[in-house]
Amino acid sequence: MTTVVFIHGTGVRPPHTETLNARVTASLAEAAPGVRVVPLDWGERHGARLAAGGASIPPDRTGATERDVAGEEDGEDGEDAETTAWERLYRDPEAELALAATRGPSGEAPPGAAFPDEEFRERLAALAARGESVAPELGPGLGARAADLARSPLLAPAAEALDPEDLAPLLARALAAAVIGAALAADAPVLCDGPARDAAVDRVARELGATAPGSTRGPVGRLIGRPVLRLGSRYAVRRRRALTGAVHPAAGDVLKFLVRGGPLRTALRELAADAEPPVVLLGHSLGGIIALDTLIEAPLPGVRLLVTVGSQAPFLYETGALPHLDHPEPLPGHVPAWLNIHDRRDLLGFAAAPVFPGRAEDIATDNRQPFPAAHSAYWSDPAVYRAIAERLP
């Protein structure tokens, strides 16, 4: 009788462990009658925990309680709100411009007058020709972003709605946000701090016609709107203790295994040695990393098949982070046949065959769930169990 040792993934703790084990056991028994499932419930004993009760998490700088924070959400202005407004602009540099454009014209234009946006388009074109020289501290791309903004269809209605003294700094903020946002999207370092950014924005605003130095910080956030600000980093920073407590098992489990995974590998080795052969190691997410790394470290004679589901093991190998195998070293010959299952919508599931050619077989599934639900929905997908059953020794 084949024994399947099931190794769960990150962050799984009782009572969810029992629920997951029961689902996998029942579904495998249906797909492959007679198979015996033996779970390795490693979370409680070998998983991460905040040993000092979260003492490493910095407190809120004001010392405010959750109730205090909730009461301040509607009334507080200042640096926190401004920082969160910039966070929104980095994601959508034209957010202020779009909101301004919805206001409608501020008044009747005199007959024969130039369109309000014409002068701004000319100044943006001139700024584009100068490239990054006006504000080099923002990073590369200012000239290209200015050329793009000069062609924006939002510029005309925004120019009709706002006074030029308000529009110039708004456009300057949009340009700074576009440059910095592009760097963030490309995972490039952002080297300017808030004061340097604000000084650059002030300089760009004057190039666009602003006459009041230092006035560029005022409107940011007011045009974007308070309801949007509540969704940003200020909320996350103030709830850092609760958020860290919620996510630390998953992130901490990975970090702990990569640094101190010896006891967990030993636990898996002992469980596999006691199981009735032939043995299959079935690992989900981090469980797949645990299974593969244990097999690489030393042979497990009774193990005939490795199955990884939604696992990051191939990615860790390619990035040089798999503890016992550094890229491009080949997979040791004693590692058994390997089936790797991943869902195309699961951003934590990786392909093994391209980095282990001839040693791993990939199967791509589609459980029709968006991420992150796709990462755990494998265990409701009959195709996953069929694929495993077809390859059991």
Side-chain angles (χ1 to χ4, degrees), residues 2-32 35-51 53-54 242-276 279-295 300 303 305-313 340-343 346 348-349 365 367 369 371-382 384-385 388-389 392:
T2 298
T3 302
V4 174
V5 176
F6 176 60
I7 311 148
H8 65 73
T10 56
V12 180
R13 301 291 190 272
H16 306 296
T17 314
E18 291 80 0
T19 303
L20 177 60
N21 290 342
R23 166 62 67 89
V24 172
T25 299
S27 298
L28 263 181
E30 183 177 349
V35 71
R36 179 170 179 254
V37 177
V38 179
L40 175 62
D41 296 337
W42 57 265
E44 283 287 272
R45 183 175 179 183
H46 299 288
R49 63 186 181 91
L50 293 174
L243 292 170
T244 303
V247 304
H248 92 268
D253 284 349
V254 176
L255 295 174
K256 185 175 180 181
F257 175 75
L258 295 179
V259 176
R260 296 188 176 89
L264 183 45
R265 286 191 295 270
T266 298
L268 174 56
R269 194 172 298 281
E270 293 173 350
L271 184 60
D274 291 339
E276 180 181 349
V279 176
V280 174
L281 300 187
L282 171 60
H284 175 230
S285 191
L286 175 58
I289 299 172
I290 296 166
L292 177 64
D293 194 54
T294 302
L295 284 167
L300 284 174
V303 176
L305 175 67
L306 167 66
V307 181
T308 54
V309 179
S311 181
Q312 307 83 48
N340 179 65
I341 300 173
H342 61 92
D343 187 281
D346 176 14
L348 294 176
T365 63
N367 57 49
Q369 278 281 30
F371 184 79
H375 187 54
S376 55
Y378 295 98
W379 307 118
S380 298
D381 186 352
V384 169
Y385 296 102
I388 297 172
L392 290 178

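Scope of the values below: all heavy atoms of this structure, side chains included, with no hydrogens, waters or symmetry mates. In this text, all values refer to a predicted model and were calculated from it rather than measured experimentally.
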Polar side-chain atom of [X] near backbone of [Y] as donor-acceptor pair, under 3.5 Å:
X	Y	value
His284	His375	yes
Asp253	Gly47	no
Ser311	Ala313	yes
Gln369	Ala377	no

For the residue pair [X] and [Y], what are the closest heavy atoms and their distance?
X	Y	answer
Thr365	Asp343	O-OD2, 3.2 Å
Val37	Phe6	CG1-CB, 4.2 Å
Glu44	Pro14	CG-CD, 3.6 Å
Ala32	Leu392	CB-CD1, 3.5 Å
Ser27	Trp379	OG-O, 4.4 Å
Tyr385	Val24	OH-CA, 3.7 Å

Should we say atom CD of Glu18 is surrounded by more than 12 heavy atoms from elsewhere, each under 6.0 Å from it?
-> yes
Report the distance from atom [atom1] of [X] to atom [atom2] of [Y], rounding to the nearest 0.5 Å.
X	Y	atom1	atom2	result
Arg49	Lys256	CZ	NZ	7.0 Å
Asp293	Leu286	CG	CG	10.0 Å
Phe257	His46	CZ	NE2	11.0 Å
Ile289	Thr10	CD1	OG1	8.5 Å
Thr17	Arg13	OG1	CZ	7.5 Å
Arg36	Leu28	CZ	CG	13.5 Å

State, yes or no, whether a side-chain contact exists between Ile388 and Val384 at a heavy-atom distance under 4.5 Å.
->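 Yes; the side chains approach each other to less than 4.5 Å.
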Residues which pass salt bridge (Lys or Arg N to Asp or Glu O under 4.0 Å) with Arg23, listed by chain and number, not counting sequence neighbours =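 Arg23 satisfies salt bridge (Lys or Arg N to Asp or Glu O under 4.0 Å) with no residue once adjacent residues are dropped.
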List in chain and number order the residues that pass ring pair (Phe, Tyr, Trp, His ring centres under 6.0 Å) with Trp42, two or more places apart in sequence or in another chain; answer none if no residue qualifies.
-> His8
Decide yes or no on salt bridge (Lys or Arg N to Asp or Glu O under 4.0 Å) for Arg269 and Asp274, but give the supporting numbers first.
-> CA-CA 9 Å; Arg269 194 172 298 281; Asp274 291 339; over 6 Å; no
Give the intermediate values and the outcome of side chain to side chain contact (heavy atoms under 4.5 Å, CB included) for residues His16 and Leu20.
-> CA-CA 6 Å; His16 306 296; Leu20 177 60; over 6 Å; no
Can you check side chain to side chain contact (heavy atoms under 4.5 Å, CB included) on Val303 and Val280, steps first, answer last?
-> CA-CA 6 Å; Val303 176; Val280 174; over 6 Å; no
Partner of Leu306 under side-chain contact (heavy atoms from CB on, under 4.5 Å), chosen from Thr294, Asn340, Leu292, Leu300 =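 The residue from Thr294, Asn340, Leu292, Leu300 that satisfies side-chain contact (heavy atoms from CB on, under 4.5 Å) with Leu306 turns out to be Leu292.
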Considering the options Leu264, Leu268, Leu282, which one meets the side-chain contact (heavy atoms from CB on, under 4.5 Å) requirement together with Ile7?
->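 Checked Leu264, Leu268, Leu282 against Ile7; only one passes side-chain contact (heavy atoms from CB on, under 4.5 Å): Leu268.
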Taking side chain to side chain donor-acceptor pair (under 3.5 Å) as the test, write out the residues that go with Asn21, two or more places apart.
-> Asp41
Evaluate the side chain to side chain contact (heavy atoms under 4.5 Å, CB included) criterion for residues Ile341 and Thr308: first the C-alpha distance (whole Å), next the side-chain angles of each, then the deciding distance (0.1 Å), finally the verdict.
-> CA-CA 6 Å; Ile341 300 173; Thr308 54; over 6 Å; no
Apply the test side chain to side chain contact (heavy atoms under 4.5 Å, CB included) to residues Val38 and Leu271: give CA-CA distance (whole Å), side-chain angles for both, the deciding distance (0.1 Å), then the verdict.
-> CA-CA 9 Å; Val38 179; Leu271 184 60; 3.7 Å; yes
